[in-house]
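Whatever order the structure lists ligands and atoms in, that order sets their numbers, starting from 1.
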Amino acid sequence: MAKIKVKTPVVEMDGDEMTRIIWAMIKDKLILPHLDIDLKYYDLGVEYRDRTDDRVTVDAANAIKQYGVGVKCATITPDAERVTEYRLKRAWPSPNGQIRGILDGTVFRKPIVAKNITPAVRSWKKPITVGRHAYGDLYKSMELVADRPGRADLVFSPDDGSAELRATIKEFNGPGVIMGMHNTDKSIHSFARSCIKYAISEKIDLWFACKDTISKKYHARFKDIFNEEVLKHKDRLDQSGINYRFLLIDDAVAQIMKHEGGILWAMRNYDGDVFSDMIAAGFGSLGMMTSVLVSPDGHYEYEAAHGTVRRHYYQHLKGEKTSTNSVASIFAWTGALKKRGELDGTPEVTRFGERLEEAVLGCIEDGVVTKDLVPLMTPAPKGYETTEAFIDKVAGRLTAVAN
Ligand code: NAP
Ligand code: MG
């Protein structure tokens, strides 16, 4: 069979530990045999990041800006223990945080749904994608302990020397705690635009939820900016048949439990942190959760939501057999290829991405799975595959379908 030509390059970012092992297998067995593709390769493995003083991460992010589509393997975010383990010069910042900062993007997490994997919530039939605003609020807040009676004020001093704005938070009679947090219009606008871009690209309805009944200025600002952006993009949303709904966060939580899915649920930073884990747990395994970073100007970076699966890697290093789920990593590739095909106007590339996904889901639905999925399946499968055997079976199925 002739290989399918991919018109524009895709940025490939390699990573660490067990996912690096899986990455090479996916590339060799599932991608390169079928595609004639120019991969712009960046090694984001922690050793090479260290060697380049993390320059490689910045270069990779800029390459995504240039080519528009990237696919990334999971990477180590070093802490003190990792600095010793890998003899690093320092604890480099999270590559994902770095890339997100450069692209000014929003991360969307989407579970992969298979017929014989039962979500914890009965009504969930289609993926529920979570869009978490990843800037500000609790995560960039200042806190104080008030250790004695006193008054806490909120003060804003304009740069132009005009009058200060002031509000009393609390007159303390005894000890207590205080927090100040912020967000910026710019970041909220970017977030709203990325959510709209993603909803249009996936053709799914968009929910945004917060608590503007209680927070009439702070949360209300988010609601207003979302409304503004939705109005600006009204034609595109209408053309794609996408409905936008604003909900109170507690109402959204109650409704999601009765919903069939197939929506994008956008949330503020803290809500997104909490509910993305709830949704992930409800759908099953971390090995089945994908993630895509979407920038407001339409650049896309796909990856698995899980980490480098360290425990399995140490098993692998000892020469033991592993059964690590490669599905989310494979879907990172298919997500990138489908998007590449869409942007390039090459349906055969998009179709290849879909066929690879069908091969994976076909295996799962035939009971060919890795160990993590076994307890989630009805009917229960007879056994499970090793890391490599699963990928081989997907490869076999992909080739069989192609012929
Ligand atoms: P992890 O890679 O998410 O794995 C935690 C546990 O979840 C695993 O030990 C395994 O459970 C299960 N699991 C996750 N993915 C799986 C898969 N594909 N197949 C089967 N089981 C899976 O987190 P970690 O091992 O604690 O973290 C390792 C490194 O990942 C850290 O250095 C962290 O910085 C990094 N990290 C990177 C990213 C990213 O690049 N996006 C995200 C998160 C973490 P069992 O052991 O019970 O089998
Ligand atoms: Mg969380």
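Applying the salt bridge (charged side-chain N to carboxylate O under 4.0 Å, His left out) test to every pair with at least one member in residues 291-311, sequence neighbours left out, gives these pairs: K72-E303, E81-R310, E85-R310.
P95 is listed as a side-chain neighbour of T77, based on a closest heavy-atom distance under 4.5 Å.
Residue-level contacts of ligand 1 at the 4.0 Å heavy-atom threshold are K72, A74, T75, I76, T77, R82, N96, L286, G287, E303, A305, H306, G307, T308, V309, R310, R311, H312, T324, N325, D372.
A salt bridge is defined here as a Lys NZ or Arg NE, NH1 or NH2 lying under 4.0 Å from an Asp or Glu carboxylate O, and E260 with K125 fails to meet this definition.
Separation of the F222 and H133 ring centroids falls under the 6.0 Å cut-off.
Looking at residues two or more places apart in sequence or on another chain, you find a ring-ring contact (aromatic ring centres under 6.0 Å, His included) between F275 and W265. In this view, H189 satisfies the ring-ring contact (aromatic ring centres under 6.0 Å, His included) rule with no residue, not counting sequence neighbours.
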